[in-house]
Participant: 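First the structure, then my questions, so here it is.
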Amino acid sequence: MVKMTDLPTKGGFSFDLCTRNQMLLDKGVQMPPFRKTGTTIVGLVFQDGVVLGADTRATEGPIVADKNCEKIHFMAPNIYCCGAGTAADTEAVTDMVSSQLQLHRYATGRESRVVTALTLLKSHLFSYQGHVSAALVLGGVDVTGPHLHTVYPHGSTDTLPFATMGSGSLAAMSVFESKYREGLTREEGIELVAEAICAGIFNDLGSGSNVDVCVITKGQTEYLRNYQLPNPRTYISSKGYSFVKGQTEVLSTKITPIQSKVQTVEGGDAMEE
Amino acid sequence: MAWPCPASSAVQPLSSSAPPCPSLAPSLSSLPKGTRSLSLNRRSPSPSPLPSLRPELTTSPSHSPHKLHLSPPSHPPPSPLSPHGKPPPPISCSLNLTSPFLVEKEKQSISSKANTEKQNPLLSSLLLSLLSSIKSPTMALRGDWMYENNGGTCVAIAGIDYCVVAADTRLSVGYNILTRDHSKICSLADKVVLASSGFQGDIRALHKNLAARHLLYQHQHNKQMSCPAMGQLLSNTLYYKRFFPYYAFNVLGGLDNEGKGCVFTYDAVGSYERVGYSTQGSGSSLIMPVLDNQLKSPSPLLLPARDAVTPLSETEAVDLVKDVFASATERDIYTGDKLEIVVINASGIKREYLELRKD
């Protein structure tokens with residue numbers, strides 16, 4: 001009997017499916033479009049901590065899939081993360097790292113640090129070589145102070161006093177570059193973040209609807225969901241709509257009754273519990 | 001398996017200043033500045049933001065060429081104009097590595113590389129295999145950079161003695177807004193109004209062309225053109241450029257010779273039909289079903305053939321148009337800013353505006 005030797009386990013990302021995907025493409029099979037958030041997300045450091053902001057529109061190509069989605073994800077009580085890129089990827093990766101951080105808190109008995117979350121995120125994203133399309137703005141306050149980082153889909157990170165990501169990042173960054181200064185107060189920080197997000201909302205088609213803000217300071221976090229709603233619906237018909245049966249013309253009708261066959265089995269075994 | 005992110009500034013055509021496809025822009029900005037993923041054979045998986053003129057090009061050339069549907073499947077479907085020639089390419093295909101312009105550049109760079117690496121036979125054979133795997137262009141003049149979609153939606157509704165033509169005023173390219181105040185509606189004659197969405201360069205040219213032809217008609221016949229006559233003229237003008245079309249999706253509205261509302265809907269190459277109502281543009285698929293349901297127009301498929309005009313009054317029709325655009329604005333990113341409503345009735349042409357969401 002010949003013993004089959006196992007192949008050594010390969011580390012890193014498995015690219016086996018890439019050839020299969022290419023083959024499918026050549027055959028004309030279209031990859032289903034994934035939902036991108038097409039976003040504006042921002043963060044800035046002010047004198048007492050960190051303010052994060054995000055818009056609330058999720059798009060699927062040119063269509064708005066969700067008018068009020070949540071892009072600021074919970075990582076730890078003192079750390080929050082905004083996500084841009086593919087919605088599934090940002091959700092999955094932030095949930096995963098959030099769980100890992102909680103286990104780490106139990107193991108160490110200490111409050112989570114922002115750099116821990118950062119390292120977990122960047123090593124995960126790097127190992128997937130950019131295929132996990134998540135661009136994140138990570139911010140929080142820990143024992144070492146306030147921190148703000150950006151994480152790119154390929155796994156690189158930056159540490160910055162103010163940051164923007166997503167399709168509306170240029171619009172938001174123009175506001176930050178004009179008006180940011182060190183040592184902002186809490187109110188000024190929130191106002192600046194809201195202004196930057198609004199710039200993204202109004203000037204970028206991939207971003208829209210409302211402004212979400214999250215303020216993290218030492219010992220306290222405030223998640224201001226729908227902090228601003230600058231886009232109310234402009235017109236509602238006062239008549240309302242009625243959908244009377246027969247309103248859409250029926251051109252022809254054919255009714256096919258479904259005949260069901262019921263078979264009774266004589267003396268069958270009684271069902272087990 | 002997650003789809004690879006399309007990202008390579010090396011394959012962007014030189015002539016375009018803005019990213020040709022909206023889905024390219026977010027992925028570029030969300031990637032690190034230094035990213036250069038060399039992917040010669042990767043096709044763009046991004047969904048085209050608009051119904052592509054030639055669907056098979058966005059996926060792969062081996063996709064079976066089905067019957068040409070230049071317009072989105074709106075009501076009614078265009079007459080079977082299945083061409084044998086190559087239809088105009090879709091404008092939304094980013095990173096189209098089969099574009100001749102790009103292929104030439106790649107070929108030059110690769111052949112020059114092959115020349116310098118002659119001493120290394122393995123490397124040069126690798127480069128040659130790469131070269132052969134680049135698909136050669138089938139049409140010399142093909143290129144998505146010739147067209148651009150500026151978005152927008154148009155609607156026209158015919159009533160018993162009026163016609164409502166409406167269009168939003170947003171002009172966009174990619175994920176950017178160029179202007180919030182651009183009219184897509186052109187008043188061609190006393191009783192004829194044309195609304196077009198698509199590539200604004202072609203639309204401007206088309207409107208100018210029609211206006212000039214109308215002026216000639218007036219000089220020759222000493223009267224204004226009627227709506228059906230203008231309808232035919234527009235169809236002929238569009239078909240005249242059958243092999244390099246106007247990227248314009250039109251709805252023509254007005255009053256016919258009897259004073260009844262009259263709407264004609266077109267595809268990009270001139271197939272047209274007189275209908276009771278129609279929409280074209282990026283938000284058309286969001287609006288059409290609502291009009292089908294709420295206008296209470298008799299179906300054109302019913303026999304005996306009936307007039308397709310809506311029995312609604314003018315105010316009811318305008319109210320419906322406003323509501324329907326507000327709804328389309330909620331879900332379509334290319335529709336918004338302001339709505340221009342033009343009402344044509346026996347007393348002339350009246351214009352009205354409604355503010356829409358600006359995000």
Side-chain angles (χ1 to χ4, degrees), chain A residues 17-18 21-22 25-31 33-34 36 38-39 55 57 59-64 67 84-86 89 128 130-133 135 152-154 156 165-170 201-209 230-239 241 243 247-249 251, chain B residues 1-5 7 22-23 25-27 29-32 34-35 37 41-43 45-50 56 58-60 62-64 151 172 174-177 282 286 292-294 296 298-299 301-302 316 319-320 322-323 325-327 329-334 354-359:
Chain A
L17 288 174
C18 290
N21 285 339
Q22 188 58 40
L25 256 191
D26 291 336
K27 288 217 170 122
V29 176
Q30 210 174 7
M31 178 81 177
F34 39 76
K36 304 196 92 204
T39 303
D55 75 306
R57 173 183 280 183
T59 52
E60 246 165 35
I63 301 294
V64 176
K67 292 190 275 186
T86 307
D89 286 338
Y128 280 85
H131 292 289
V132 175
S133 172
Y152 289 86
H154 282 263
S156 64
M165 295 284 264
S167 59
S169 62
L170 272 67
I201 285 174
F202 291 112
N203 300 109
D204 174 45
L205 294 177
S207 317
S209 295
N231 287 301
R233 194 189 156 102
T234 52
Y235 188 84
I236 282 250
S237 172
S238 44
K239 261 189 350 171
Y241 287 94
F243 297 97
Q247 193 156 317
T248 305
E249 303 257 22
L251 299 175
Chain B
M1 134 132 190
W3 200 255
C5 307
S23 51
S27 56
S29 57
S30 63
L31 284 167
T35 301
S37 45
N41 282 337
R42 276 208 214 131
R43 262 169 260 267
S46 45
S48 46
L50 288 147
E56 65 259 39
T58 56
T59 54
S60 91
S62 58
H63 195 86
S64 60
S172 47
Y175 266 16
N176 302 312
I177 299 178
S282 56
L286 299 168
D292 282 334
N293 185 272
Q294 290 294 316
K296 303 181 177 57
S299 168
L301 297 167
L302 282 175
E316 284 174 327
D319 180 71
L320 181 65
K322 288 179 179 173
D323 202 25
F325 260 93
S327 308
T329 305
E330 299 273 321
R331 290 288 175 174
D332 178 33
I333 59 178
Y334 296 114
L354 170 74
E355 291 295 317
L356 295 173
R357 269 173 70 142
K358 301 194 180 327
D359 65 350

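Below, chain A is the first sequence line, B the second, and so on; all start at residue 1.
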Participant: Whether A:R57 and A:D55 form a salt bridge (side-chain N of Lys/Arg under 4.0 Å from carboxylate O of Asp/Glu) is what I want to check.
Facilitator: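 No, this pair does not count.
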Participant: Looking at A:N203, A:V64, A:L205, which makes the most heavy-atom pairs under 4.5 Å with chain B?
Facilitator: A:L205
Participant: Quick one about A:N231 and A:S209 (side-chain donor to acceptor, distance below 3.5 Å, no hydrogens or angles considered), yes or no?
Facilitator: no
Participant: Could you tell me which portion of A:P230 (side chain, backbone, both or neither) has an atom closer than 4.5 angstrom to a non-hydrogen atom of chain B?
Facilitator: neither
Participant: Going by the rule side-chain contact (heavy atoms from CB on, under 4.5 Å), which residues pair with A:K239 if we only count those two or more places apart in sequence or in a different chain?
Facilitator: A:S237, B:E316, B:D319
Participant: By a 4.5 Å heavy-atom criterion (distance strictly below it), what part of B:L356 contacts chain A: side chain, backbone, both, or neither?
Facilitator: both
Participant: Regarding B:T329 and A:R233, is there a side-chain donor-to-acceptor distance under 3.5 Å anywhere?
Facilitator: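 Distance-only check fails for B:T329 and A:R233.
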